[in-house]
Amino acid sequence: MRLGLPLRISMIALSLSALNLSPSFLLAATGQAAPATAAQNIDDTWQGTLHAGKDLRTVVKISKSTDGTLQAQWYSIDQTPRPLPVKATTFRDGELRMNLEDIDGVYTGKLSVDGNTFVGEWKQGGQTLPLILARATKETMWAIPEPPKPVAPMAADADPSWEVATIKPAAPDAKGKGFGGAPRQFKTFNTTLNDVIMFAYDVNSKQIVGGPAWMETDKFDITTGEPDQPGSPSQKQLKSMLRKLMADRFGLKFHPGKKDISAYVLTVAKGGPKMTKNEAGDHQGASFYFTKLGNLVFRDDTLDDFCHGMQGAVFDRPVVNHTGLEGHWDGALKWTPDETQFQVFGVKIVPDESPDAPPPIFTAIQEQIGLKLDAEKTAVDVMILDHAEKPSDN
């Protein structure tokens, strides 16, 4: 979840859950699709409810640019007031298709004869749910909530701390893990001390040497108060606060070292990078997240950030940046994970062997973003643990 954090390593998506849907749901607005000759002016506001365990109201605003191409904004107004980016919107032969790449979502719908309803389906994360979008009128249009006012960045020279933080054992049956929070709050869910160290120090688990066994097994939920300095902390300031918290509440002490271990070395593939360079000025919106395992989206990241994300979430070894590429980058990566990947999430990977499955990561990374990963044994920085203790509940 991002929720205001400049870096995120987690699963985000619309809140879909497995459920059985009655075919009668589709009867609410069925009928023939509009013929191609019908008036099909669809640049308007459309809305409908996605029944996904709970009802999620969806608003779609479609507009037409001067060159005739369609653009769309997708709102899930019961989840966030901010629009979700629609990468591509097409309307041909009465069928609307919208691709929301950032959350691995696709909507397809057929326009009804009267031109006022799309009967279609929403696909995301391996699930397919019916979704009927009706043309909204002034009387029926749902109000989109006002987004919260942005929090100004914290002063670059500020050295903040959390004055209050609660650390409690995670629920024994909790699944997954996550880091997130609003701009001035932070939480972890179902995380070990090793997980927090990896996040705060940008290391892989193999770079943490020594320490008691419970650091890898005991899981905690951490909830903080607000920082003691005004503004929204940067990624660097957030991680500094986490380091202070671990020293104070876990008694964490270590000294640095070097060790020859197996790692993945990231270089530029033949033909050069296929990512988009992000020329934004302040670089406050960096993110790295998975819409599902094997579907990665990264925005406004340096390639050091990319390596930190890959070694923290995907691989069982460090990833070292030898690309020589400067700046911040946007990109997306889709691959079929194998059983060695995503071990940090505690899930069992069953490789997809279907004919249309995405390629393995080593192929995907070259074909899709123009980079290359090679396994090598190399000297990497390590943290040699001197002391750690279990925290009290509060």
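- Nearest heavy-atom pair, Val60 versus Ala72, reported as atom, atom and distance to 0.1 Å: CG1-CB, 4.4 Å.
- When the side chains of ILVMFWY residues are joined at heavy-atom separations under 4.5 Å, either directly or via intervening members, Leu100 and Val106 end up in two distinct hydrophobic clusters.
- Electrostatic pairing of Asp260 and Lys377 does not count as a salt bridge here, judged by no charged N lying under 4.0 Å from a carboxylate O.
- The aromatic ring centres of Phe220 and Phe189 sit 6.0 Å or more apart.
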Kindly indicate, with the supporting measurements, whether the criterion side-chain contact (heavy atoms from CB on, under 4.5 Å) is fulfilled by Leu296 and Met310. CA-CA 10 Å; Leu296 167 67; Met310 296 299 284; 4.0 Å; yes

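- Under a hydrophobic clustering in which Ile, Leu, Val, Met, Phe, Trp and Tyr are joined whenever their side-chain heavy atoms come within less than 4.5 Å, directly or via other members, Val209 and Val380 fall into the same cluster.
- Distance alone, capped at 3.5 Å, places no donor-acceptor pair between the Lys390 side chain and the Asp218 backbone.
- Panel note: side chain Gln237, backbone Pro160; no donor-acceptor pair is recorded below 3.5 Å.
- Ion pairing between a basic and an acidic side chain is recognised when a charged N comes within 4.0 Å of a carboxylate O; Glu95 and Arg97 show no such pairing.
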List the steps, then state whether salt bridge (Lys or Arg N to Asp or Glu O under 4.0 Å) holds for Lys244 with Asp159. CA-CA 11 Å; Lys244 293 177 186 177; Asp159 183 20; 2.8 Å; yes

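- Between the CG atom of Asn99 and the CG atom of Asp104 there is a distance of 8.5 Å, given to the nearest 0.5 Å.
- Under the 3.5 Å distance criterion, the side-chain polar atoms of Arg184 are matched with a main-chain donor or acceptor of Gly231.
- Panel note: side chain Ser112, backbone Thr117; a donor-acceptor pair is recorded below 3.5 Å.
- Listed by first and then second residue, the side chain to side chain donor-acceptor pair (under 3.5 Å) pairs involving residues 345-368 are Asp352-Ser354, Ser354-Asp356 (not counting sequence neighbours).
- At a cut-off of 3.5 Å, with distance as the only test, a side-chain donor of Asp55 or His51 sits close to an acceptor on the other residue.
- Listed by chain and residue number, Asp67, Thr69 satisfy the side-chain hydrogen bond (donor to acceptor under 3.5 Å, both in side chains) test with Ser65 (two or more places apart in sequence, or in another chain).
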Determine whether Tyr201 and Met246 satisfy the following criterion, side-chain contact (heavy atoms from CB on, under 4.5 Å), listing intermediate values before the conclusion. CA-CA 11 Å; Tyr201 285 93; Met246 287 187 287; 3.8 Å; yes

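- Taking both residues in full, the closest heavy atoms of Val319 and Gln311 are given as N-OE1, 2.9 Å, listed atom of the first, atom of the second, then distance.
- In this structure the side chain of Thr45 reaches within 4.5 angstrom of the side chain of Met141, judged on heavy atoms.
- At distances below 3.5 Å, not a single donor-acceptor pair connects side-chain atoms of Ser161 with backbone N or O atoms of Glu163.
- In this structure, Lys87 does not pair ionically with Asp102, as no charged nitrogen and carboxylate oxygen lie closer than 4.0 Å.
- Using the six-membered ring where Trp is involved, Tyr264 and Phe315 have ring planes that are tilted, between 30° and 60° apart.
- Atoms OG1 and CG, from Thr108 and Leu96 in turn, are 8.5 Å apart once rounded to the nearest 0.5 Å.
- Distance check: Lys54 NZ to Thr49 OG1 gives 13.0 Å after rounding to the nearest 0.5 Å.
- For the residue pair Pro273 and Val268, the shortest heavy atom distance occurs at CD-CG1, 3.8 Å.
- Separation of atoms OG (Ser234) and NZ (Lys239) is listed at 10.5 Å; rounding is to 0.5 Å.
- Using a 4.0 Å cut-off between a side-chain N of Lys or Arg and a carboxylate O of Asp or Glu, Asp195 and Lys219 do not qualify as a salt bridge.
- Note: Asp78 CG to Leu56 CG = 6.0 Å, rounded to the nearest 0.5 Å.
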Do His255 and Asp386 pass the side-chain hydrogen bond (donor to acceptor under 3.5 Å, both in side chains) test, and can you show the C-alpha distance, the side-chain angles, and the key distance before you say yes or no? CA-CA 7 Å; His255 62 275; Asp386 299 315; 3.0 Å; yes

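- Pairing each heavy atom of Pro147 with each of Arg82, the nearest pair is CB-NH1, 3.7 Å.
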Under the criterion salt bridge (Lys or Arg N to Asp or Glu O under 4.0 Å), I'd like the reasoning laid out for Arg299 against Asp330: C-alpha separation, chi angles, the key distance, then a yes or no. CA-CA 4 Å; Arg299 296 284 182 263; Asp330 298 341; 5.1 Å; no

Give the C-alpha distance, both sets of side-chain angles, the deciding distance and a yes or no for ring-ring contact (aromatic ring centres under 6.0 Å, His included) between Phe342 and Phe290. CA-CA 11 Å; Phe342 294 106; Phe290 298 92; 5.2 Å; yes

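- A salt bridge is absent between Lys187 and Asp221: the closest approach of a Lys/Arg side-chain nitrogen to an acidic carboxylate oxygen does not fall below 4.0 angstrom.
- Ile197 and Val203 get closest at one heavy-atom pair: O-CG2, 4.1 Å.
- Checked by atom type and distance alone, the side chain of Lys206 pairs as donor or acceptor with a backbone atom of Asp316 at under 3.5 Å.
- Ser232 places no side-chain N or O within 3.5 Å of a backbone atom of Met154 that could act as its donor or acceptor partner.
- For Trp46 and Trp74, the gap between ring centers reaches or exceeds 6.0 Å.
- The CZ atom of Arg57 lies 13.0 Å from the CG atom of Leu50; values are rounded to the nearest 0.5 Å.
- Looking only at distances, a side-chain donor or acceptor of Thr336 sits under 3.5 Å from a matching main-chain atom of Pro358.
- Side-chain atoms of Gln207 come within 3.5 Å of backbone atoms of Asp381 as a donor-acceptor pair (strictly under, hydrogens ignored).
- Leu303 places none of its side-chain heavy atoms less than 4.5 Å from the side chain of Glu326.
- Placement of Phe250 and Phe199 within a single hydrophobic cluster is found when ILVMFWY residues are connected by side-chain heavy-atom separations under 4.5 Å, directly or transitively.
- Grouping the Ile, Leu, Val, Met, Phe, Trp and Tyr side chains by contacts below 4.5 angstrom, directly or via other members, places Ile384 apart from Leu193.
- Val382 and Met215 fall into different hydrophobic clusters, where Ile, Leu, Val, Met, Phe, Trp and Tyr residues are linked whenever their side-chain heavy atoms come under 4.5 Å apart, directly or through other members.
- Across all non-hydrogen atoms, the minimal contact from Val320 to Ala263 is CG2-CB, 4.3 Å.
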Checking side-chain contact (heavy atoms from CB on, under 4.5 Å) for the pair Ile222/Thr166: CA distance, chi angles, key distance, verdict? CA-CA 6 Å; Ile222 301 174; Thr166 300; over 6 Å; no

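- The side-chain contact (heavy atoms from CB on, under 4.5 Å) test with Trp335 singles out one residue from Ile361, Leu293, Ile365, Asn295, and that residue is Ile361.
- A side-chain donor-acceptor contact under 3.5 Å links Thr302 to the backbone of Asp305.
- Evaluation of the ring pair (Phe, Tyr, Trp, His ring centres under 6.0 Å) rule for Tyr75 yields no partner, not counting sequence neighbours.
- Around the NZ atom of Lys277, the shell of radius 6.0 Å holds more than 12 heavy atoms that belong to other residues, nucleotides or ligands.
- The side-chain heavy atoms of Trp214 and Glu216, taken from C-beta on, include no pair separated by under 4.5 Å.
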Just do the side-chain contact (heavy atoms from CB on, under 4.5 Å) check on Gln71 and Ser63 with the steps written out, would you? CA-CA 5 Å; Gln71 298 176 331; Ser63 59; 4.0 Å; yes

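- Lys274 has its side chain out of reach of Leu371: every pair of non-hydrogen atoms, C-beta onward, lies at least 4.5 Å apart.
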